[in-house]
Trainee: 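Have a look at the structure that comes next, please.
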2 protein chains.
Amino acid sequence: MAAPRANMSYRDIKQVVLDRIHNKIWAPDSLLPSETDLAEEFSSTRTTVNRALRELAEEGYLERKRKAGTRVLNSPVRKAQFAIPLVRDEISETGAEYRYALVERAVMPAPGWLSARMNIPQGREVLHLRCMHYADNTPFQYEVRWIVPDSIPEVLEADFSRSGPNDWLVQKVPFTNLELSFLATKADQSVAEFLDTQAGDPIFTAERITWLRGEPVTLAKLFFAPGYRMTTHL
Amino acid sequence: MAAPRANMSYRDIKQVVLDRIHNKIWAPDSLLPSETDLAEEFSSTRTTVNRALRELAEEGYLERKRKAGTRVLNSPVRKAQFAIPLVRDEISETGAEYRYALVERAVMPAPGWLSARMNIPQGREVLHLRCMHYADNTPFQYEVRWIVPDSIPEVLEADFSRSGPNDWLVQKVPFTNLELSFLATKADQSVAEFLDTQAGDPIFTAERITWLRGEPVTLAKLFFAPGYRMTTHL
DNA sequence: ATTGCTTATATATATAGACATAATGAGCTT
DNA sequence: AAGCTCATTATGTCTATATATATAAGCAAT
């Protein structure tokens with residue numbers, strides 16, 4: 001058992017606390033000693049203990065409430081973190097060569113489902129793009145995107161034939177809010193052709209909507225080639 | 001533009017820094033002033049500035065290196081966080097009633113793909129479970145699980161007819177490592193029947209493997225009912 | 001050019017003390 | 001019994017200061 005020595009860093013304290021949780025010295029649902037007491041035990045200060053406990057709470061092991069104290073969570077709601085990189089980066093990091101192609105560009109009135117989904121007026125003109133992302137010339141991702149030009153009129157002039165809308169948007173429009181969903185969809189004829197697979201195949205799909213200060217900016221549907229897995233470790 | 005006032009909290013400072021990044025006052029790849037200078041500008045202390053910058057770095061906006069300084073990341077690798085709750089909690093939080101059913105329990109030698117995947121010896125005996133999770137009696141998730149009893153022999157005595165293996169494992173075996181993947185699979189006949197859908201339908205699937213101090217503990221394949229979305233906001 | 005030392009500097013962390021804030025629970029009132 | 005008030009207390013945060021550590025950059029020796 002880790003015996004508290006002097007000069008423990010906040011990392012050391014985190015580790016000791018974690019060990020005690022694992023070894024049920026502090027059982028689930030039980031209350032930890034107060035920061036003050038712990039600081040004394042570890043011959044440290046409240047500030048340092050505070051940081052250790054705060055981080056453990058962020059990581060989902062503890063629940064902290066003023067006055068109520070610090071409690072061990074019975075089923076640690078561990079949080080999986082997924083980095084959401086640009087496709088380009090995701091591909092080139094594997095060592096493969098990234099290639100982009102614009103499939104279609106059109107300005108059109110927003111279809112009903114879109115204006116409902118993004119909360120924009122019926123029939124507002126929007127920019128619609130479809131594009132492909134390849135890794136070593138193998139289809140990697142098929143992107144269907146809608147951009148509301150209201151808050152960014154320049155987007156209508158932008159050239160998307162050489163680089164994707166994501167690259168452009170990241171440079172130009174920092175979003176303030178984002179909704180990201182993952183789901184499984186069934187490949188329709190068009191998606192299947194682009195991703196070089198059979199219609200009806202299961203497709204891992206991401207949908208992201210971003211806002212800038214409350215104004216909807218863009219909705220993207222990203223269809224990943226069969227076999228794609230989104231993986232994380234912790 | 002947010003003018004620095006006195007008595008700014010670390011939250012305020014975070015917000016000002018974020019605003020300046022958004023407004024390109026501090027452009028991507030550029031170097032921020034040092035903590036000391038910022039502390040002076042905000043008539044705050046280095047400790048407080050440090051916390052603000054540290055958190056922004058954790059959130060993926062900044063990159064910090066000793067001596068080198070703090071730099072604005074050009075394409076913020078924003079990290080999506082997904083809480084991975086127990087199914088039971090996920091269901092009851094929607095207000096629906098949770099119901100569990102054990103479908104099959106068997107002890108058998110590990111099939112080849114499993115021993116390869118989890119790095120356990122060929123033919124080692126493992127516990128195999130299949131179960132269903134319902135929300136208001138509607139199929140919600142079909143779970144296929146494999147447990148290596150080596151490090152937890154009690155698991156062979158456990159009663160899984162009333163509550164699921166996840167509940168049991170969370171109580172008994174705190175994991176130290178976890179690999180979590182999301183993918184889209186095609187419903188085979190069995191999965192389709194359990195989830196009350198058609199064979200061939202796309203199924204959002206999660207696969208998780210956990211280890212305890214390097215020893216593989218369990219692998220679970222979680223098949224979600226059609227229509228399931230894993231969503232996060234940030 | 002390459003390697004190895006030195007130094008300056010920016011971040012990382014620790015300490016100590018103060019005030020702020022929320023929530024609990026005891027005691028009082030109705 | 002139910003509701004209200006208020007002191008208590010644990011965490012939340014800020015200030016001020018000090019030491020630790022990594023490393024970029026310059027300089028020297030190979």
Side-chain angles (χ1 to χ4, degrees), chain A residues 2-18 20-21 25-73 76-77, chain B residues 2-18 20-21 25-73 76-77:
Chain A
R5 358 167 288 270
N7 293 327
M8 293 178 75
S9 74
Y10 79 97
R11 288 168 201 276
D12 298 333
I13 295 181
K14 279 179 76 171
Q15 194 52 60
V16 172
V17 172
L18 259 188
R20 291 191 183 171
I21 293 175
I25 295 176
W26 290 328
D29 273 332
S30 69
L31 220 53
L32 265 62
S34 76
E35 292 186 346
T36 318
D37 293 351
L38 287 175
E40 189 179 357
E41 182 193 342
F42 297 139
S43 35
S44 176
T45 59
R46 203 169 77 82
T47 316
T48 302
V49 172
N50 177 278
R51 176 154 182 198
L53 296 187
R54 173 159 37 91
E55 293 196 357
L56 285 174
E58 267 163 22
E59 289 162 29
Y61 294 100
L62 301 174
E63 186 190 36
R64 322 192 71 204
K65 264 169 35 195
R66 275 165 161 144
K67 158 74 184 176
T70 301
R71 195 172 288 281
V72 180
L73 285 177
V77 181
Chain B
R5 358 168 291 269
N7 293 329
M8 296 177 74
S9 75
Y10 79 97
R11 287 168 203 276
D12 299 331
I13 296 181
K14 279 179 76 171
Q15 195 51 60
V16 172
V17 172
L18 260 187
R20 293 192 182 172
I21 293 174
I25 295 176
W26 291 327
D29 272 334
S30 69
L31 222 54
L32 267 62
S34 76
E35 293 186 344
T36 319
D37 294 351
L38 287 175
E40 190 179 355
E41 183 194 341
F42 296 139
S43 33
S44 174
T45 58
R46 209 170 74 78
T47 316
T48 303
V49 172
N50 176 278
R51 176 155 183 196
L53 297 187
R54 172 158 39 89
E55 293 196 356
L56 285 173
E58 267 164 23
E59 288 163 28
Y61 294 100
L62 301 174
E63 185 191 36
R64 321 191 73 206
K65 261 162 50 188
R66 276 166 158 139
K67 157 77 183 177
T70 301
R71 193 173 287 281
V72 181
L73 285 177
V77 180

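Below, read A as the first sequence line, B as the second, and so on, with proteins coming before strands; counting in each chain starts at 1.
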Trainee: Given D:dT13, is OP1 or OP2 found less than 4.0 Å from the side-chain N or O atoms of B:Y10?
Mentor: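 Checking D:dT13 against B:Y10, a side-chain N or O does come within under 4.0 Å of OP1 or OP2.
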Trainee: Just N and O in the side chain of B:R54: are any of them under 4.0 Å from OP1 or OP2 of C:dT11?
Mentor: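 Result: no.
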Trainee: Is the distance from OP1 or OP2 of D:dT15 to the nearest side-chain N or O of B:S44 less than 4.0 Å?
Mentor: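 True: B:S44 side-chain N/O within range (under 4.0 Å) of D:dT15 OP1/OP2.
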Trainee: Output all residues satisfying side chain to side chain contact (heavy atoms under 4.5 Å, CB included) with A:T48, sequence neighbours left out; order by chain, then residue number.
Mentor: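 Checked A:T48 against side chain to side chain contact (heavy atoms under 4.5 Å, CB included); matches are A:Y10, A:I13, A:S44, A:T45.
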Trainee: Give a yes/no answer on whether the side chain of A:T48 brings an N or O atom under 4.0 Å of OP1 or OP2 in C:dT15.
Mentor: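 Indeed, a polar side-chain atom of A:T48 lies that close.
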Trainee: What nucleotide among C:dT24, C:dT11, D:dT11 has an atom nearest to a side-chain atom of A:R64?
Mentor: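 From the listed options, D:dT11 comes nearest.
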Trainee: Strictly below 4.0 Å: does B:S9 bring a side-chain N or O up to OP1 or OP2 of D:dC14?
Mentor: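 Looking at the OP1 and OP2 atoms of D:dC14, one of them is under 4.0 Å from a side-chain N or O of B:S9.
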Trainee: Check whether any side-chain nitrogen or oxygen of B:T47 sits under 4.0 Å from OP1 or OP2 of D:dA16, and answer yes or no.
Mentor: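 Negative; the distance criterion is not met.
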Trainee: Does the C:dA14 base have a donor-acceptor partner in the side chain of A:R46 within less than 3.5 Å?
Mentor: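 Per atom types, no contact qualifies.
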Trainee: Verify the contact: side-chain N or O of A:N50 to OP1 or OP2 of D:dG12, cut-off strictly under 4.0 Å; return yes or no.
Mentor: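 Result: yes.
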Trainee: Counting just side-chain N and O atoms, does B:R66 come under 4.0 Å of either OP1 or OP2 of D:dA24?
Mentor: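 False: B:R66 side-chain N/O out of range (4.0 Å or more) of D:dA24 OP1/OP2.
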Trainee: So, is A:R11 near the phosphate of C:dA12, with a side-chain N or O under 4.0 Å from OP1 or OP2?
Mentor: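 Looking at the OP1 and OP2 atoms of C:dA12, neither is under 4.0 Å from any side-chain N or O of A:R11.
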Trainee: Could B:R64 and B:E55 be called an ion pair, given the rule that one side-chain N must be under 4.0 Å from one carboxylate O?
Mentor: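 No.
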Trainee: Ignoring hydrogens and angles, are the base of D:dG12 and the side chain of B:R51 linked by a donor-acceptor pair under 3.5 Å?
Mentor: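 Between D:dG12 and B:R51, which were checked side chain against base, a qualifying N/O pair under 3.5 Å is absent.
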Trainee: Once you round it to whole Å, what is the distance between P of C:dA16 and CZ of A:F42?
Mentor: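 From A:F42 CZ to C:dA16 P: 16 Å.
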Trainee: If you assign B:L32 and A:K67 each to the DNA chain C nucleotide with the nearest heavy atom, which residue ends up on the more 5' nucleotide?
Mentor: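 This one resolves to B:L32.
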